[in-house]
Amino acid sequence: MAGEKNLDVLMKSLSAVLVDGVYVFVTVQGDHKSFGFKPRMTFEEAEGTTYIMLKSEAAALGLPYEFPSRMITLNIHSSLEAVGFMARIATELAKHDMGVNPVAGFFHDHLFVPDGREQDAMRILQAMAQG
């Protein structure tokens, strides 16, 4: 099932959903299964494994974390080969002094924006969709 590649279609179809919970970025050595949590995302790096997980889980496990953030899911099936979609969104958020950590899933893109700035991000995304 191929996702949408056309940037104009992607922007006009942009629909964002704020996901419950505060997420954080954690890095550990070894397999998360030994810690007993289910991360939202896992990425293997040379320095260790990065997990995006709920802040409450990281705190309960005593894991150091960074970037408390809110997750926004973009409800359009964008192609993994779409050109410029994330760049346009990141650029617009940057104009409002907001960093973003985007993560691409197979069906959707997800934005992790600073906790406390999620409503600003939602307004910006809504304005982008309206052109």
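Residue numbers run from 1 in the order of the sequence given.
- Residues that satisfy the salt bridge (Lys or Arg N to Asp or Glu O under 4.0 Å) test with Asp115, not counting sequence neighbours, are absent from this structure.
- Side chain of His110 to backbone of Thr73: no donor-acceptor contact under 3.5 angstrom is found.
- With hydrophobic clusters built from ILVMFWY side chains whose heavy atoms lie under 4.5 angstrom apart, Leu61 shares a cluster with Val24.
- Pairs of residues two or more places apart, or lying in two chains, that qualify as salt bridge (charged side-chain N to carboxylate O under 4.0 Å, His left out) and include a residue from residues 46-70 are Arg70-Glu118.
- The two residues Pro114 and Phe67 come nearest to each other via the heavy atoms N-CZ, 3.8 Å.
- Residues Pro102 and Asp109 form no side-chain contact, since every pair of their non-hydrogen atoms from C-beta on lies 4.5 Å or further apart.
- A 4.5 Å side-chain heavy-atom check between Asn101 and Phe25 finds at least one atom pair inside the cut-off.
- Hydrophobic clustering of Ile, Leu, Val, Met, Phe, Trp and Tyr side chains at less than 4.5 Å, counting indirect connections, keeps Ile52 apart from Tyr65.
- Atom-to-atom distance recorded for Met128:CE and Arg88:CZ is 7.0 Å, nearest 0.5 angstrom.
- We find the CE-CE distance between Met41 and Met71 to be 11.0 Å, quoted to the nearest 0.5 Å.
- Not a single donor-acceptor pair under 3.5 Å links the side chain of Arg117 to the backbone N or O of Gly99.
- The shortest distance between side-chain heavy atoms of Tyr23 and Leu54 falls below 4.5 Å.
- In this structure, CG in Leu93 is found 9.5 Å from CG in Asp120, a value given to the nearest 0.5 Å.
- Scanning all heavy atoms of the two residues, the minimum distance from Met86 to Leu111 falls at SD-CD2, 3.7 Å.
- Atom CG in Leu74 sits 5.0 Å away from atom CD1 in Ile89 (nearest 0.5 Å).
- Side-chain contact between Val113 and Ser69: absent, with no pair of heavy atoms (C-beta onward) separated by less than 4.5 Å.
- In this structure, CE in Met98 is found 4.0 Å from CD1 in Ile124, a value given to the nearest 0.5 Å.
- Residues Val28 and Phe43 are members of separate hydrophobic clusters, defined by side-chain heavy-atom contacts under 4.5 angstrom among Ile, Leu, Val, Met, Phe, Trp and Tyr.
- The two residues Ala58 and Val26 make their nearest non-hydrogen contact at CB-CG2, 4.0 Å.
- Atom CZ in Phe112 sits 10.0 Å away from atom CD1 in Ile72 (nearest 0.5 Å).
- When all heavy atoms of Leu14 and Leu125 are compared, the closest pair comes out as CD2-O, 3.6 Å.
- Shortest non-hydrogen contact noted between Leu18 and Gln119 is CD2-NE2, 3.6 Å.
- Under the salt bridge (Lys or Arg N to Asp or Glu O under 4.0 Å) criterion, Arg40 pairs with no residue at all, not counting sequence neighbours.
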